[in-house]
Asks: 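Quick one: this structure, given as structure tokens, is what I'll be asking you about.
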Amino acid sequence: MKEKNKKLISEVIKDIEHDMTDEEILSLLASSKVSENTSKSAKDEYSFGQRMADKIAKFAGSWGFIFSFVAVLILWMAVNILLADGAFDAYPFILLNLVLSCVAAIQAPLIMMSQNRQEEKDRRRAENDYKVNLKTEIMIEDMHNKLNRILSQQEKILAYIKAQEEKEESKNA
């Protein structure tokens with residue numbers, strides 16, 4: 001079991017010397033901080049274009065975008081129908097189709113870039129959770145072992161006291 005603990009601890013703390021005792025390793029583990037603020041470190045690494053892609057993807061996935069986009073489409077079609085012969089984009093709305101295709105062609109990669117970054121954030125968060133959970137598991141296991149040793153010692157002490165009391169009673173009798 002102690003070798004298993006050493007292996008788990010080595011995953012959490014890098015560059016541990018192999019000649020350390022379990023108590024030294026647990027002490028080092030208890031004093032080390034394995035968690036990190038993943039959202040803060042990720043924001044610092046993003047370029048201007050990546051931050052803009054995230055903002056565009058956030059807006060493009062909102063009801064505000066859907067309602068405004070529908071309003072622009074209705075306005076486009078209404079203006080072109082009302083202008084009839086003088087319309088800049090008559091009924092089959094070929095220019096509108098071109099604009100919609102361009103919007104989709106630009107919007108899709110931006111959303112995918114944002115999703116890739118979100119996936120990276122989720123992966124970092126999961127790794128961080130794993131490290132914290134692993135450290136907690138090791139510390140709880142160590143506390144459990146110590147508690148078992150204390151209870152064992154307590155039972156030995158109680159048995160010793162009981163034996164001493166029986167000796168006293170047999171002397172007095």
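Basis for what follows: all heavy atoms, side chains included, without hydrogens, waters or symmetry-related copies. These numbers were taken from a predicted model, which means no experiment stands behind them.
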Asks: Sequence neighbours left out, what pairs pass side-chain hydrogen bond (donor to acceptor under 3.5 Å, both in side chains) with at least one residue falling in residues 56-67?
Replies: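 The answer is none; no pair qualifies.
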Asks: Please list, chain by chain and in numerical order, all residues satisfying salt bridge (Lys or Arg N to Asp or Glu O under 4.0 Å) with D122, sequence neighbours excluded.
Replies: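 Result, salt bridge (Lys or Arg N to Asp or Glu O under 4.0 Å) vs D122: R125.
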Asks: What distance separates D142 CG from M139 CE, expressed to the nearest 0.5 Å?
Replies: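 Taking CG in D142 and CE in M139, the distance rounds to 6.0 Å.
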Asks: Considering residues at least two apart in sequence or located in another chain, which fulfil the salt bridge (Lys or Arg N to Asp or Glu O under 4.0 Å) criterion with E120?
Replies: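 Salt bridge (Lys or Arg N to Asp or Glu O under 4.0 Å) list for E120, sorted by chain: R123, R124.
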Asks: Table please: side-chain donor-acceptor pairs of residues 153-163 below 3.5 Å, with sequence neighbours left out.
Replies:
from : atom 1 : to   : atom 2 : distance (Å)
Y160 : OH     : Q164 : NE2    : 3.4

Asks: Which pairs, with at least one residue in residues 90-121 and sequence neighbours excluded, count as a ring pair (Phe, Tyr, Trp, His ring centres under 6.0 Å)?
Replies: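 As it turns out, the ring pair (Phe, Tyr, Trp, His ring centres under 6.0 Å) pairs with a partner in residues 90-121, which skip direct neighbours, are Y91-F93.
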Asks: With sequence neighbours excluded, tell me which residues meet side-chain hydrogen bond (donor to acceptor under 3.5 Å, both in side chains) with N148.
Replies: H144
Asks: Considering only distance and modelled atom types, tabulate donor-acceptor pairs under 3.5 Å from the side chains of residues 98-115, sequence neighbours left out.
Replies:
from : atom 1 : to  : atom 2 : distance (Å)
S101 : OG     : N97 : O      : 2.9
S114 : OG     : D54 : OD1    : 2.9

Asks: Which atom pairs, one a donor and one an acceptor, fall under 3.5 Å between side chains of residues 65-83 and the rest of the protein, sequence neighbours left out?
Replies:
from : atom 1 : to  : atom 2 : distance (Å)
S68  : OG     : G64 : O      : 2.9
S68  : OG     : F65 : O      : 3.0
W76  : NE1    : D89 : OD2    : 3.0
N80  : OD1    : F88 : N      : 3.3
N80  : OD1    : D89 : N      : 2.8
N80  : ND2    : W76 : O      : 2.8

Asks: Looking at every non-hydrogen atom in both residues, tell me the closest pair between Y46 and R51 and how far apart they are.
Replies: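 Taking Y46 first and R51 second, the nearest heavy atoms are O-NH1, 2.7 Å.
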